[in-house]
**Q** 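Below is a structure I'd like to ask you about.
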Amino acid sequence: MIDLRILRAEPETVRASQRLRGDDVSLVDAALALDERRRAALTRFETLRAEQKSIGRGVAKAAGDEKAALLARAKTLADEVKAAQADADAAAVELDEVTMRIGNLVIDGVPAGGEDDYVVLRHVGTPRDFAAEYGPDFAVRDHLDLGELLGAIDTERGAKVSGARFYFLLGVGARLELALLTAAQNMAVEAGFVPVVTPTLVKPEIMRGTGFLGAHADEIYRVDADDMYLVGTSEVALAGMHADEILDLSTAPRRYAGWSTCYRREAGSYGKDTRGIIRVHQFNKVELFTYTSVDDAEAEHERLLALEERMLQLVELPYRVIDVAAGDLGSSAARKYDCEAWLPSQQRYLELTSTSNCTTFQARRLGIRERTASGETRTAATLNGTMATTRWLVAMLENHQQADGSVHVPAGLRPYLGGLEVLTPVDAGGRA
RNA sequence: GGAGGGCUGGCUGAGCGGCCGAAAGCGACGGUCUUGAAAACCGUUAGGGCGGUGUCCCCGUCCUCAAGGGUUCGAAUCCCUUGCCCUCCGCCA
């Protein structure tokens, strides 16, 4: 939710942001008009209510005729107050409906446009030239071929048990995922993040508060019998953790590294990435989440990005960093950086991390505030970023494959795999 | 699943339907005392909306005692509904 005070004080800033996002600019003026109406209705109600309270106090002290007269006046006032309150409430609801549809204020420098208008900030690492290494006839294996050779991924049985977009990770697949996530959480802990294992079922108000019931409502699994939602990321639980709290962020931000399973319906992506485990209904993720003061938010965003990049470098993946365009930010983010790893089998980049600076947008709706040094309260800023996910296995298998179908294990992960240096194909028996 | 109990300020915990946004204690913060600290003593201490003058300090007013309805001139206090928490029993792990 955007700040109404900014909307009133600098409507042109908000309009410009809406324009950059390609969103409806007229919402700004609609909100301003409704705000005007709401404040007028509120003043009317308050005036009447103040009189009612004052007369009410008089009733208690008065007696006889005087009391009767006051009671008569109070009776008519009671109805007027009730009506005025209904007016003010209705105006507030209408205003809320409109302001909820306005996206977060985009930060200066974010590229305009939609999904394809991102700006590439840098490339790190170099994609391998398999033809040069193994000869022109070498056929690059995709992650599913490799995963099956290694006895690491079984999508057929995943489908048998749970349907399309489900899978089993087994053998070195299971070990590799645990190694990756453990390494990620350890790196985050060393950087000062508190490790957390979060709930994955949350109440409606938390899901709504984090903004995931808006445009992305179709993506979310709902457990009907209990009116709960399965989270698509631990960001939901981590943001909800301090809802309606006033935090002391004066000495340091609150930093968490949440480990959770994530669930996504992938409604709307029929036929897209259907092979393997690129796009699945269930996966695991270590997510960075920071509560900080709004002044520090942009610097923290750079820190999160730097940590993500360190993790990508630990597992030796070639990647690029993009500054996501305004129209592709989603309503909460004021800026978003994605890291995309090279995917040899498809000759394209695949998103592995995404870090968003939500400034005060998410925190305002969740009632997350901080106590400033001068003792005042103000809305905190929240940021999140991906430290590692199951999807990383896709890029790791493909980029680290060798001619015989074995897969090189990055040195940084070996401590988590008992020193294992190479994942080697199993014979047919390994899968059966 | 069955039976009870309960939701009040950072915490504990009072609160006859009418100066109750709320006693008291703890904690926190400031001060006195002290070489310093502790103790003691004094003081301050919920959040938010709107308006005003002001604009690094205030003033007025309204809302909030789990949420939403209702009764009443007036609700933290009475009634209803919902949610959540706790205890005991049963069942399952």
Side-chain angles (χ1 to χ4, degrees), chain A residues 1-10 31-100 199-209 213 222-229 237 240-252 254 291 293-295 360-380:
Chain A
M1 192 159 63
I2 63 155
D3 187 347
L4 268 182
R5 270 176 280 222
I6 288 181
L7 185 81
R8 285 199 285 262
E10 309 172 41
L32 285 172
L34 285 169
D35 181 46
E36 202 69 40
R37 224 189 85 196
R38 173 185 139 263
R39 283 189 287 167
L42 196 60
T43 303
R44 211 171 325 127
F45 159 70
E46 285 190 5
T47 309
L48 288 169
R49 176 70 174 148
E51 188 183 351
Q52 183 192 32
K53 287 176 80 165
S54 139
I55 288 180
R57 276 191 292 270
V59 168
K61 292 175 196 152
D65 284 353
E66 193 192 350
K67 183 159 191 164
L70 282 174
L71 271 177
R73 171 70 185 129
K75 255 176 197 167
T76 61
L77 252 182
D79 290 336
E80 292 175 41
V81 166
K82 199 161 278 186
Q85 178 159 35
D87 261 7
D89 287 350
V93 168
E94 277 186 65
L95 174 62
D96 218 43
E97 277 168 8
V98 172
T99 49
M100 289 288 245
T200 53
L201 273 169
V202 300
K203 301 181 198 174
E205 62 261 34
I206 297 296
M207 196 52 97
R208 199 173 306 114
L213 286 187
R222 175 158 183 267
V223 180
D224 202 52
D226 297 283
D227 196 18
M228 307 261 293
Y229 293 91
M241 184 159 61
H242 290 301
D244 296 316
E245 291 184 26
I246 298 171
L247 304 169
D248 179 6
L249 303 172
S250 58
T251 51
R254 293 256 195 156
Y291 295 86
S293 76
V294 65
D295 301 324
T360 59
F361 192 87
Q362 185 177 60
R364 182 165 295 104
R365 193 159 29 184
L366 287 167
I368 301 161
R369 289 162 295 167
E370 63 157 329
R371 176 92 49 199
T372 63
S374 59
E376 291 173 345
T377 60
R378 65 173 176 181
T379 304

**Q** Need the pair for B:C88. Rule: Watson-Crick or G-U wobble, both distances under 3.5 Å, any strand; none if unpaired.
**A** B:G2

**Q** Answer yes or no: is there a side-chain heavy-atom contact under 4.5 Å between A:Thr379 and A:Glu370?
**A**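 Not in contact.
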
**Q** What's the closest nucleotide to the A:Lys82 side chain, out of B:G18, B:U71, B:C84?
**A**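 Given the options B:G18, B:U71, B:C84, the side chain of A:Lys82 is closest to B:U71.
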
**Q** Roughly how far, to the nearest 0.5 Å, is the OH atom of A:Tyr229 from the CG atom of A:Leu201?
**A** 12.0 Å

**Q** Taking for each residue the nucleotide of RNA chain B bearing the nearest heavy atom, is the 5' side occupied by A:Asp89 or by A:Ala74?
**A** A:Asp89

**Q** When all nucleic acid strands are considered with a 4.0 Å heavy-atom cut-off, which category describes A:Arg371: base, sugar-phosphate, or nothing?
**A**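 Sugar-phosphate: the residue A:Arg371, judged by heavy atoms under 4.0 Å, touches backbone atoms but no base.
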
**Q** Return the value, rounded to whole Å, for the distance between atom CZ of A:Arg57 and atom P of B:G74.
**A** 14 Å

**Q** Counting only Watson-Crick pairs (N1-N3 plus N6-O4 or O6-N4) and G-U wobbles (N1-O2, O6-N3), all under 3.5 Å, who is the partner of B:U12?
**A** B:A24

**Q** The criterion is side chain to side chain donor-acceptor pair (under 3.5 Å); which residues satisfy it with A:Gln362, sequence neighbours excluded?
**A**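 Counting only residues at least two positions away or on another chain, A:Gln362 forms a side chain to side chain donor-acceptor pair (under 3.5 Å) with A:Glu235, A:Thr382.
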
**Q** Among B:C62, B:C50, B:U71, find the nucleotide with the atom closest to the side chain of A:Thr43.
**A** B:C50

**Q** When we call it a touch if two heavy atoms are under 4.0 Å apart, what does A:Ile246 touch: a base, just sugar-phosphate, or nothing?
**A** sugar-phosphate

**Q** Looking only at heavy atoms, which two atoms of A:Arg378 and A:Ser293 are closest? And how far apart?
**A**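 Heavy atoms of A:Arg378 and A:Ser293 come nearest at NH2-CB, 3.7 Å.
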
**Q** Tell me whether the OP1 or OP2 atom of B:G48 has a side-chain N or O from A:Arg369 closer than 4.0 Å.
**A**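 Yes, within the criterion.
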
**Q** If you find the nucleotide of RNA chain B closest to A:Asp226 and the one closest to A:Arg5, which residue's nucleotide is nearer the 5' end?
**A**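 The answer here is A:Arg5.
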
**Q** Using purine N1 to pyrimidine N3 plus N6-O4 or O6-N4 for Watson-Crick, or N1-O2 and O6-N3 for G-U wobble, each under 3.5 Å, what pairs with B:U81?
**A** B:A67

**Q** If we call it a pair only when both distances are under 3.5 Å in a Watson-Crick or G-U wobble match, what pairs with B:A93?
**A** none

**Q** Please work out if A:Arg49 contacts a base, only the sugar-phosphate, or nothing of the nucleic acid, heavy-atom cut-off 4.0 Å.
**A** sugar-phosphate

**Q** Among the candidates B:C62, B:C50, B:G18, find the nucleotide nearest to the side-chain atoms of A:Lys53.
**A**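 Of the candidates, B:C62 comes closest.
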
**Q** From the options B:C62, B:C50, B:C73, select the nucleotide whose nearest atom is closest to the side chain of A:Gln52.
**A**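 Nearest to the side chain of A:Gln52 among the choices is B:C73.
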
**Q** Got a sec, which residues hit side chain to side chain donor-acceptor pair (under 3.5 Å) with A:Arg8, two or more places apart in sequence or on another chain?
**A** A:Asp35

**Q** Remember a base hit wins even if backbone is also touched, and classify A:Arg37 as base, sugar-phosphate or nothing at under 4.0 Å, heavy atoms.
**A** nothing

**Q** From A:Gln52 CD over to A:Asp79 CG, what is the distance, rounded to the nearest 0.5 angstrom?
**A**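 Answer for the CD-CG pair, A:Gln52 versus A:Asp79, is 9.5 Å.
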
**Q** Across the strands shown, which category fits A:Arg73 at heavy-atom distances under 4.0 angstrom: base, sugar-phosphate, nothing?
**A**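 Answer is nothing: A:Arg73 stays at 4.0 Å or more from every strand.
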
**Q** With both distances under 3.5 angstrom, what nucleotide forms a Watson-Crick or G-U wobble pair with B:U61?
**A**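 Base partner found: B:G49.
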
**Q** State the pairing partner of B:G36; accept Watson-Crick or G-U wobble contacts with both distances under 3.5 Å, and report none otherwise.
**A** none

**Q** Heavy atoms from C-beta onward define the side chain here; which of B:G48, B:C62, B:C50 lies closest to that of A:Thr377?
**A**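 Nucleotide nearest to A:Thr377's side chain: B:G48.
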
**Q** Contact class for A:Leu71 vs. all strands (heavy atom < 4.0 Å): base, sugar-phosphate, or nothing?
**A**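 Result for A:Leu71 = base.
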
**Q** Looking at B:C19, which nucleotide sits across from it as a Watson-Crick or G-U wobble partner, both distances under 3.5 angstrom, or is there none?
**A**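 Answer to the pairing question: none, since B:C19 forms no Watson-Crick or G-U pair.
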
